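Just so it is clear: chains get the letters A, B, ... in the order the sequence lines come, proteins before strands, and each one is counted from 1. Note that this is a predicted model, so its numbers are computed, not measured.
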Amino acid sequence: MNIATVIVDVPALGTDKEFDYLIPEKWIGIIETGMRVAVPFGPRTIQGFVTGLKNDSSFSEKLKELKEPLDLTPVLNEELLKLGEWLATDTLSFKISCFQAMLPAAMKAKYEKRFLRINMDDNPFLDDLFDGKTEITWKKAEEQNILPALHAQIKLGNAEVVYNVKSLANKKMRKVYQTMMNNEEIILLVNSLPQNAINQKRILEYVIKRQAIQYTAKELAETGSPQSSIQALVKKGVFTEKSEEIYRDPFAHKQFNRSAPLPLTEEQNKVIAPILETIESENYETFLLYGVTGSGKTEIYLQSIQRVLDKGQEAIVLVPEISLTPQMVDRFKSRFGDDVAVLHSGLSIGEKYDEWRKVQRKEAKVVVGARSAVFAPFENLGIIIIDEEHETSYKQEELPRYHARDVAIYRAKHHHCPVILGSATPSLETFARAQKKVYHQLTLAKRMNNKELPHVSIIDMREEMRDGNRSMFSRELHSKLEDRLEKKEQTILFLNRRGHSSFMMCRDCGYVMQCPHCDISLTYHQYTNEMKCHYCGYISFVPSTCPECSSNHIRYFGTGTQKVEEELYKIFPEARVVRMDVDTTGRKGAHEKLLEHFQSGKADILLGTQMIAKGLDFPNITLVGVLSADTMLHLPDFRASEKTFQLLTQVSGRAGRHELSGEVVIQTYTPEHYSVEYAGDQDYNRFYHQEMVMRKVGSYPPFYYLTLITISHEDLMKTVSTTEKITKYVQSRISNEAIILGPVASPIPRINNRYRYQCLIKYKHEPELKPTLHKVLEHYQQQYIKEGLAISIDVNPYMMM
DNA sequence: GAACAACACCCG
DNA sequence: GGGTGTTGTTCG
């Protein structure tokens with residue numbers, strides 16, 4: 001086996017294939033499938049993944065030798081390599097992008113270009129160019145404007161360019177000092193030291209006191225002695241100096257109280273039985289764990305995982321990014337201790353890398369993390385759990401556009417283990433599959449403490465308006481807020497800002513400030529006092545008079561959290577409000593701090609957007625107010641009703657989870673809409689049936705699969721004509737059963753001066769579709785990429801914009 | 001994606 | 001001729 005097949009780090013269609021490389025003699029037997037290697041590629045050296053080993057190549061020319069391995073052990077096992085290939089075909093992405101998506105960001109290659117001086121003769125000009133050294137980085141040369149001069153020297157044979165592949169990953173190391181001396185020897189040494197060597201003496205006294213075999217640099221430094229005296233002792237042979245890898249521990253400052261399994265209710269016992277059976281019999285099966293909020297889903301997860309661990313297997317738990325609050329992590333850490341690795345975007349690149357390495361080295365058995373944690377490199381998986389299964393954050397919007405649920409099921413089939421999809425409001429796709437017995441449905445209908453679900457009142461804001469109430473708080477919400485403030489109970493106010501955020505409009509002529517590069521209105525940001533485009537980042541001043549008609553009746557509309565906060569202070573000056581949105585939670589850890597502040601009772605009202613809808617479980621919350629339930633309802637998205645229902649149900653579930661019972665007030669302009677009405681009744685079943693009718697009529701999932709093709713280009717005509725051509729071509733290659741919508745302009749027809757057209761394909765079974773789309777990409781990518789034509793294909797899209 | 005060869009163009 | 005900018009090809 002002296003030839004390696006390699007997928008190289010060039011995300012392009014022409015390079016999305018295996019390249020053969022000779023393995024140099026000294027690496028034979030060391031280089032394995034799944035390792036990262038540095039390979040020469042054209043004139044450069046780049047990173048690649050070894051996908052296989054073989055003895056002969058069909059490549060007709062002479063093979064190049066690969067340069068060196070970048071790992072000691074493979075970073076991708078056979079399963080993950082196969083998964084990557086499948087993912088690439090399934091989502092129409094490049095293999096290299098899929099491999100990279102499976103690994104922590106720290107493993108992405110960093111490339112470095114340097115000039116090396118070859119001619120060492122006395123040459124003042126060369127000395128000057130290289131600043132007296134033997135090499136200079138490309139970056140430095142560029143800054144100093146000496147690139148042309150260096151190129152000239154390369155031609156003369158006085159210098160050359162070397163390419164380096166560096167791993168972004170840096171293991172955190174620390175110095176440790178070991179001593180082989182016993183007490184007597186040390187005392188002898190202390191006595192032989194000169195009088196003034198107090199620092200060395202102090203260290204040795206510490207050593208005698210501690211009697212440890214090894215000391216960290218930090219420990220020795222704490223004796224108050226400088227680094228130089230430690231080095232002096234190393235020289236004298238007291239210590240041997242070593243480096244060892246340490247893990248960055250994001251939870252180092254935290255104490256986790258060990259928790260024991262809780263006794264299960266009768267209902268929970270019924271539900272967990274088939275899961276445990278599947279774990280025992282090592283079969284693949286997908287379960288839908290459908291349970292209302294507070295019904296004890298997490299305990300089911302924990303005890304299922306316990307069984308998996310008892311069998312010596314491993315577990316993956318996916319949670320939506322937003323709910324990776326300490327609360328969730330706490331529950332897993334306190335049950336499974338150091339067996340848990342946590343992977344989420346709040347960690348630094350290095351921290352993520354360390355958590356990943358814990359898994360790779362089998363030091364962790366349970367991974368709790370967001371979407372990408374589904375790729376955790378376990379080899380003996382016993383269960384995959386996806387909590388809040390309906391969350392759209394499980395779909396990655398960038399390449400590769402995969403859905404964690406699909407990956408989970410793929411991996412579970414490979415490992416013969418169960419997948420649990422947990423939700424109080426399952427996605428229609430999942431629930432429909434459970435109804436069809438594709439998934440095994442398990443239901444938890446009762447809340448654990450037998451608390452009743454909170455009472456929900458739906459307020460028609462049109463009526464409030466008619467009765468002369470122009471405030472954003474209905475009379476009912478107002479009086480309930482007053483009541484809670486008096487009783488010192490807590491309230492959550494939820495503002496569904498997605499849909500329309502605050503924009504400027506002239507009351508006289510109706511002018512709305514638009515982004516000059518995108519067909520979207522600018523959003524007003526109070527904290528910076530700017531008008532900002534959410535798509536291209538364009539920033540403009542805030543007009544004081546209307547640019548169209550010069551009227552000074554230009555005002556901002558839509559309700560931002562800041563505006564609600566101001567209003568709250570006006571009505572309830574004594575209320576202590578915590579505001580949570582992108583502005584107040586930007587900094588790392590801010591999220592947790594605000595929640596802690598609220599939890600400890602230092603605030604009366606928690607005001608926020610989406611991010612407060614999930615996972616919060618505070619005993620003193622007795623009122624939940626939704627300020628405008630229907631802003632999302634009018635988005636051009638067939639899932640708008642589903643999302644509205646889910647969100648309203650989720651927020652309502654925040655109230656009265658403990659001793660105190662709760663109330664929910666939902667304010668809306670469309671109380672008659674079924675998603676609002678059924679959310680008010682907390683009636684998932686009726687919502688499901690109504691929504692399924694709508695989906696059937698519209699030929700949407702779960703009745704049809706979708707694939708969305710979006711074409712964008714600076715020139716409108718080019719965009720339209722290309723979309724037309726592609727649509728026609730696709731139509732000619734697939735059956736009449738499929739429905740093709742388009743070409744039509746995208747919901748946002750222009751972003752960053754690029755026009756956007758799209759074509760939506762609805763289908764049930766089209767084996768030719770993916771090959772056809774691949775051909776489309778091949779055809780156009782080659783032909784048009786230089787003109788700036790962009791084609792994006794999203795299989796099972798969640799964002800229709 | 002990036003390097004480079006091939007090509008076109010311009011210089012006055 | 002030579003410098004400069006653009007385009008197309010290729011990478012094992």
Per atom distances to the A:Tyr163 side chain, the nearest of B:dG1, C:dG12, B:dA3 is B:dA3

For atom CG of A:Leu13 and atom C1' of C:dT10, their distance in whole Å
15 Å

Which of C:dG12, C:dC11, B:dA3 is nearest the side chain of A:Thr15? It is C:dC11

Nearest whole Å is fine: how far is B:dA3 C1' from A:Ile154 CD1?
12 Å

Answer yes if the ring centres of A:Tyr757 and A:His713 are under 6.0 angstrom apart, and no otherwise.
no

Working note: A:Glu79 + A:His415, criterion side-chain hydrogen bond (donor to acceptor under 3.5 Å, both in side chains); need CA distance, chi angles, decisive distance, verdict.
CA-CA 9 Å; A:Glu79 183 217 346; A:His415 287 277; 2.8 Å; yes

Do we see A:Phe19 stacking on the base of C:dG12, given a limit of 5.5 Å between centres and 30° between planes?
no

Scan residues 41-57 of chain A against DNA chain C and write down, sorted by residue number, each residue with any heavy atom closer than 4.0 Å; if none is found, say none.
A:Phe41, A:Gly42

Whole angstroms only, please: what is the CG-C1' distance between A:Asp20 and C:dG12?
6 Å

Base, sugar-phosphate or nothing for A:Tyr111? Non-hydrogen atoms, less than 4.0 Å.
nothing

For A:Asp16 and C:dC11, give me the distance from atom CG to atom C1', rounded to whole Å.
14 Å

Between OG1 on residue A:Thr723 and NZ on residue A:Lys718, distance to nearest 0.5 Å
11.0 Å

Could you go step by step and tell me if A:Lys64 and A:Asp20 meet the salt bridge (charged side-chain N to carboxylate O under 4.0 Å, His left out) rule?
CA-CA 8 Å; A:Lys64 283 191 183 174; A:Asp20 293 347; over 6 Å; no

Checking ring pair (Phe, Tyr, Trp, His ring centres under 6.0 Å) between A:Phe375 and each of A:Phe99, A:Tyr402, A:Trp356, which is the one that passes?
A:Tyr402

Audit row: A:Glu363, A:Arg361, salt bridge (charged side-chain N to carboxylate O under 4.0 Å, His left out) steps and yes/no:
CA-CA 5 Å; A:Glu363 287 165 24; A:Arg361 295 170 132 199; 3.4 Å; yes

When you check the phosphate oxygens OP1 and OP2 of B:dA3, does a side-chain N or O of A:Lys113 lie under 4.0 Å from one of them?
yes

Figure out the CH2/P separation between A:Trp138 and B:dA3, and round it to whole Å.
6 Å

What is the distance from NE2 of A:His151 to C1' of B:dC4, rounded to the nearest Å?
12 Å

Take the protein atom CG of A:Asp9 and the nucleotide atom C1' of B:dG1, then report the distance between them rounded to whole Å.
9 Å

What is the distance from CG of A:Leu147 to P of B:dA3, rounded to the nearest Å?
11 Å

Using side chain to side chain donor-acceptor pair (under 3.5 Å) as the criterion, list what pairs up with A:Ser427, not counting sequence neighbours.
A:Glu389, A:Thr430

